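What follows is a single structure, written as structure tokens, with notes after it.
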Amino acid sequence: MISVSFEHCQELDRLDPLTGCRDAFDLPPNQIYLDGNSLGPMTHRARAKVQQRLQEWQADLIAGWSHREWLDYPHRLGAQLAPLLGAKSHEVQVVDSTSLNLFKLACAAVLSARSRKSARTRNRIVTEQGNFPTVPYMLEGLGRLATEIQVDVVPRDKLCTAMTDETALLVLTHAHYLSGEVFDLVEMSSKAHAQGIQILWDLSHSTGVLPLNLTQANADFAVGCGYKYLNGGPGAPAFLYVREDLQATSSSVLSGWLGHREPFEFADTYVPGEGLDRFRCGTPPVLAYAALEGALEIFEELDLGDLRKKSLALSELLITLLGPALEKGALTLVSPRNRALRGGHVSFRHPHAQRIMAALAQDGVVGDYRPPHFLRFGLSPLYLRYVDIWAAAEKIRRHVDAVAA
Ligand SMILES: *Cc1c(COP(=O)(O)O)cnc(C)c1O
């Protein structure tokens with residue numbers, strides 16, 4: 001029995017405080033887009049900003065670098081993003097990709113652990129097995145370069161025992177890329193700190209869909225993605241966070257010219273830039289920043305509490321509407337039933353997940369298939385309506401039944 005009617009969903013949409021946000025997006029017609037956790041859709045403001053920067057390029061050419069806001073992008077967008085992370089404006093910089101930022105900050109943490117006096121040499125990095133693989137991949141690369149570094153990739157329930165007095169850094173992805181299950185930022189940060197271990201968070205699947213509290217958690221480092229819930233466009237610049245008291249002693253191994261204290265002196269020797277400026281590497285991709293700049297404007301007018309509330313209401317609705325399929329075992333819920341542990345997406349397991357997701361796409365519902373048998377649905381509260389979830393659930397039920405037939 002499904003206890004939620006279409007009319008009830010229409011009523012929820014009428015009462016939704018975020019209902020106007022949908023108009024900010026340029027969504028393709030006849031599609032229910034449940035994939036904004038992989039690539040957020042285009043906003044009208046993103047398009048307008050890109051067009052503005054294109055015109056500046058055409059008219060100003062090289063002068064654009066000196067009198068437009070081009071060079072200042074990493075710092076300016078970082079400050080704009082900081083409230084979404086619960087961080088201070090000078091603790092966030094928008095730069096490079098998430099993978100590169102992971103590498104830069106993991107190196108910074110290892111180098112700073114080395115400079116601290118401690119009884120043991122801390123040459124180990126602990127991270128979680130089975131989460132988004134760019135974290136272990138980048139750490140493995142770091143281990144190839146600095147062969148004394150050992151990377152311990154362990155299952156979630158072994159994280160605490162893997163942390164020892166030889167561990168320099170714990171690297172965790174906040175919301176699991178498959179299940180969406182979130183770690184408690186405060187709890188895990190303090191567990192690491194209690195053992196003299198620094199923590200680096202990957203916030204790619206959390207930023208822009210739930211409130212974060214890096215300052216409260218006393219987190220050391222963090223990185224995350226600009227093109228998922230932040231809707232910054234394909235391959236948008238990513239961000240990095242370094243707690244303010246760690247900035248002076250953190251250094252970037254990717255010490256490019258724009259991270260220099262005085263890049264336009266073209267000096268022979270490298271001197272790190274002020275604060276987070278040292279984590280800049282090369283020239284900012286202005287057109288890519290422009291799309292993110294436009295996309296971020298929507299968040300200035302939003303209450304993150306409203307966002308989280310609606311995000312959880314949408315995931316609760318999808319789980320309820322698929323209840324009959326879950327009860328008869330046609331689908332298995334992979335995401336936590338406990339809403340406090342749930343991120344912005346919901347995943348299910350089905351032996352024919354790939355076929356079902358392909359059929360859904362044909363039928364106007366776009367989600368992600370993830371091997372070997374996961375169906376993942378990103379439920380962005382900015383542009384999805386309750387009626388969209390209702391319609392999507394009906395199609396999901398139909399296609400699950402069809403593969404069983
Ligand atoms: C999407 C995602 C990334 C993406 O990294 P890129 O360098 O932008 O390709 C990194 N980490 C996590 C956890 C992600 O979900």
Side-chain angles (χ1 to χ4, degrees), residues 34-41 74 77-78 81 84-85 92-107 125-142 151 153 155-156 159 169-183 185 188 199-210 212 214 219 221-241 252 254 279-282 284-285 288-289 291-292 295-296 311 334-335 342-347 367-371 374 376-380:
L34 306 183
D35 218 343
N37 58 325
S38 275
L39 176 62
L77 296 196
L81 204 52
L84 297 185
L85 307 177
V92 185
Q93 191 174 59
V94 171
V95 69
D96 297 326
S97 67
T98 306
S99 302
L100 278 177
N101 289 336
L102 271 167
F103 185 78
K104 289 189 287 187
L105 294 188
C107 289
I125 304 178
V126 173
T127 194
E128 186 188 2
Q129 191 177 65
N131 211 324
F132 193 76
T134 207
V135 174
Y137 294 172
M138 293 308 285
L139 295 177
E140 276 166 33
L142 169 55
V151 184
V153 186
R156 188 164 287 207
L159 284 170
L169 182 68
L170 172 65
V171 188
L172 293 179
T173 291
H174 179 234
H176 195 281
Y177 87 109
L178 287 175
S179 72
E181 180 167 352
V182 290
F183 279 108
L185 281 176
M188 290 311 290
I199 192 158
L200 164 51
W201 288 102
D202 186 335
L203 304 173
S204 292
H205 267 294
S206 328
T207 313
V209 74
L210 47 87
L212 293 160
L214 291 175
F221 306 99
V223 298
C225 224
Y227 52 80
K228 291 173 177 166
Y229 293 107
L230 295 177
N231 312 306
F239 65 85
L240 59 81
Y241 153 95
S252 176
L254 300 185
F279 286 104
R280 300 175 66 148
C281 186
Y289 275 98
L292 179 62
L296 287 182
S311 155
V334 175
S335 300
R342 215 182 293 146
H345 60 271
V346 179
S347 298
D368 269 324
Y369 160 70
R370 284 290 175 268
F374 296 100
R376 189 179 70 175
F377 301 103
L379 309 176
S380 171

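The structure presented is a predicted model; accordingly, all values stated were derived computationally and were not measured. When reading the values below, keep in mind they use all heavy atoms of this one structure, side chains included, and skip hydrogens, waters and symmetry mates. Order of appearance sets the numbers: ligands from 1, and atoms from 1 within every ligand.
- For ligand 1 and H205, the ligand atoms under 4.0 Å from any heavy atom of the residue are 15 (O).
- Nearest protein heavy-atom contact of atom 11 (N) of ligand 1 is D202 OD2, 2.6 Å.
- No donor-acceptor pair closer than 3.5 Å links the side chain of S179 to the backbone N or O of V334.
- Of all the heavy atoms of T98, the ones lying under 4.0 Å from any atom of ligand 1 are found in both the backbone and the side chain.
- Under the rule for a salt bridge (charged side-chain N to carboxylate O under 4.0 Å, His left out), the partners of R376 that lie at least two apart in sequence or sit in another chain are D368.
- Summarising the contacts of atom 3 (C) of ligand 1 with F103, Y137, F132, Y177, the nearest heavy atom is found in F132.
- With hydrogens and angles ignored, the 3.5 Å screen pairs no side-chain donor or acceptor of Y289 with any backbone N or O of L77.
- In terms of modelled atom types and a separation under 3.5 Å, the side chain of Y241 and the main chain of W201 share no donor-acceptor contact.
- Residue contacts with ligand 1, taken as heavy atom pairs separated by less than 4.0 Å, involve S99 via backbone and side-chain atoms alike.
- What sits closest to atom 14 (C) of ligand 1 on the protein, heavy atoms only, is K228 NZ, 2.8 Å.
- For Y369, the ring pair (Phe, Tyr, Trp, His ring centres under 6.0 Å) criterion is met by no residue, not counting sequence neighbours.
- Proximity to T134 (heavy-atom distance under 4.0 Å) selects the following atoms of ligand 1: 10 (C), 11 (N).
- Put simply, the side chain of H176 gets close to the backbone of G130: a donor and an acceptor are under 3.5 Å apart.
- Scanning all protein heavy atoms for the shortest distance to atom 4 (C) of ligand 1 gives Y227 OH, 3.2 Å.
- When each atom of ligand 1 is checked for a heavy atom of T173 under 4.0 Å away, the hits are 13 (C).
- Just one residue in the list I199, L139, V151, L105 forms a side chain to side chain contact (heavy atoms under 4.5 Å, CB included) with V171, and that residue is L139.
- Atoms of ligand 1 found under 4.0 Å from any heavy atom of S97 (numbered from 1 in listed order, with element): 7 (O).
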